[in-house]
There are 2 protein chains.
Amino acid sequence: MDIKQLDEKNELKQRIFFALSDPGRYKIISMLYHVGHEMGCNELNQHVEIDKSTMSYHLKTLRKIGITNTRTQGRQKFVSLNQATIEKVLPGLLEQL
Amino acid sequence: MDIKQLDEKNELKQRIFFALSDPGRYKIISMLYHVGHEMGCNELNQHVEIDKSTMSYHLKTLRKIGITNTRTQGRQKFVSLNQATIEKVLPGLLEQL
DNA sequence: CTAATTGTTTGATATTCATAAAACTATAAT
DNA sequence: ATTATAGTTTTATGAATATCAAACAATTAG
């Protein structure tokens, strides 16, 4: 693996660490991991107590980092954890949350 | 373990994630872990290319979080990783850096 | 005593970040 | 058609961050 790929890997790690450094995002990620399946944003909101626009903002961040997937069904959006992406660069991390 | 202790544990985790979310701090932590022994700030500076005052700022952050120890000898300060603290809440993480 | 070395602190600056209210879009229900 | 639901975007605001130059210790060397 060349230096460029190493840097990219470290950048992804750092973005994941950034994601986990905020209490709200930590709870979102932890919740998604522990329930083990996708959740509607509203459902998430019932468990993680933050304003819905703040929630949307954080979810957008997670999406941009690339550690969540979103599926739209009707007027609902279901968010799920892109577990493989995380495991690939930081195996074993999710179990620690 | 009660909720308060859990919260404290998660707070420490989140602070560790914050520490690792910055490229400079990531390199410092990674370097300290991989060399496996304490390093002088100046020595660190030769490996991690950041301004010495920025370095000092980041090292202060790590100290406040509680994941490094500092020992003064003459005019040098030796920094080492408080590995046990990290391992306690996030076992296996350091090997991934 | 005067330099140089090692590191911290202060101050200024630019940037990013988190938060929430308000307006907005899209879908579903009545 | 209206209204309710689900979520996003915009806008504004305050707080936190990162960076670096310059001044400031404290120790050591010449």
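Being a predicted model, the structure only gives us computed values, none of them experimental. Residue numbering restarts at 1 for every chain, and letters A, B, ... go by the order of the sequence lines.
With contacts defined as side-chain heavy-atom distances shorter than 4.5 Å, the pair B/Leu59/B/Leu44 qualifies. Looking only at side-chain heavy atoms (C-beta outward), A/Ser80 and A/Arg71 stay at 4.5 Å or farther from each other. By the 4.5 Å heavy-atom criterion applied to side chains, B/Lys60 and B/Arg63 are counted as neighbours. Put simply, the side chain of B/Leu12 reaches to within 4.5 Å of the side chain of B/Thr85, judged on heavy atoms. A heavy-atom distance below 4.5 Å is found between the side chains of B/Leu81 and B/Thr68.
Between A/Arg25 and the options A/Ile50, A/Ile67, A/Leu62, a side-chain contact (heavy atoms from CB on, under 4.5 Å) holds for only A/Leu62.
As rounded to whole Å, 17 Å separates atom P of D/dT10 from atom CG of A/Asp51. Regarding A/Glu43, its CD atom lies at a distance of 11 Å from the P atom of D/dA6, rounded to whole Å.
Annotation: A/Glu49, atom CD; neighbour count of heavy atoms from other residues, nucleotides and ligands within 6.0 Å does not exceed 12.
Across all strands shown, D/dA1 pairs with C/dT30; the Watson-Crick or G-U wobble distances both stay below 3.5 Å. Using Watson-Crick or G-U wobble geometry with both donor-acceptor distances under 3.5 Å, D/dC24 finds its partner in C/dG7.
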N/O to N/O distances under 3.5 Å, protein versus nucleotides 26-30 of chain D:
residue : atom : partner : partner atom : Å
D/dT27  : O2   : B/Arg75 : NH1          : 3.3

Close N/O contacts between protein and nucleotides 14-18 of chain D (under 3.5 Å):
residue : atom : partner : partner atom : Å
D/dA18  : OP1  : B/Arg25 : NH1          : 3.3
D/dA18  : OP1  : B/Arg25 : NH2          : 3.0
D/dA18  : OP2  : B/Arg25 : NH1          : 3.1
D/dA18  : OP2  : B/Tyr57 : OH           : 3.3

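Note on A/Lys77: only backbone sugar-phosphate atoms sit closer than 4.0 angstrom, heavy atoms only; bases stay farther off.
Closest non-hydrogen pair, A/Gly66 versus A/Asn82, comes out as O-ND2, 3.5 Å. B/Gly40 and B/Gln76 make their closest contact through CA-OE1, 4.5 Å (heavy atoms, listed as atom of the first residue, atom of the second, distance). Residue A/Arg15 comes nearest to A/Ile65 through the heavy atom pair O-CD1, 3.4 Å, listed as atom of the first residue, atom of the second, then distance.
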What side-chain donor-acceptor pairs closer than 3.5 Å can you find for residues 86-97 of chain A, not counting sequence neighbours?
residue : atom : partner : partner atom : Å
A/Gln96 : NE2  : B/Pro91 : O            : 3.0

Name the atoms and distances for all side-chain donor-acceptor pairs under 3.5 Å in residues 26-37 of chain B, with sequence neighbours left out.
residue : atom : partner : partner atom : Å
B/Tyr26 : OH   : A/Asn10 : OD1          : 3.1
B/Ser30 : OG   : B/His34 : ND1          : 3.3
B/His34 : ND1  : B/Ser30 : O            : 2.9

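Checking side-chain atoms of B/Ser21 against main-chain N and O of B/Phe18 turns up a donor-acceptor pair under 3.5 Å.
Only B/Gly40, B/Cys41, B/Asn42, listed by number, bring a heavy atom of residues 27-42 of chain B to less than 4.0 angstrom from any atom of DNA chain C.
Nucleotides of DNA chain C that come within less than 4.0 Å of any heavy atom of chain A span, from the 5' end to the 3' end, C/dC17 to C/dA28.
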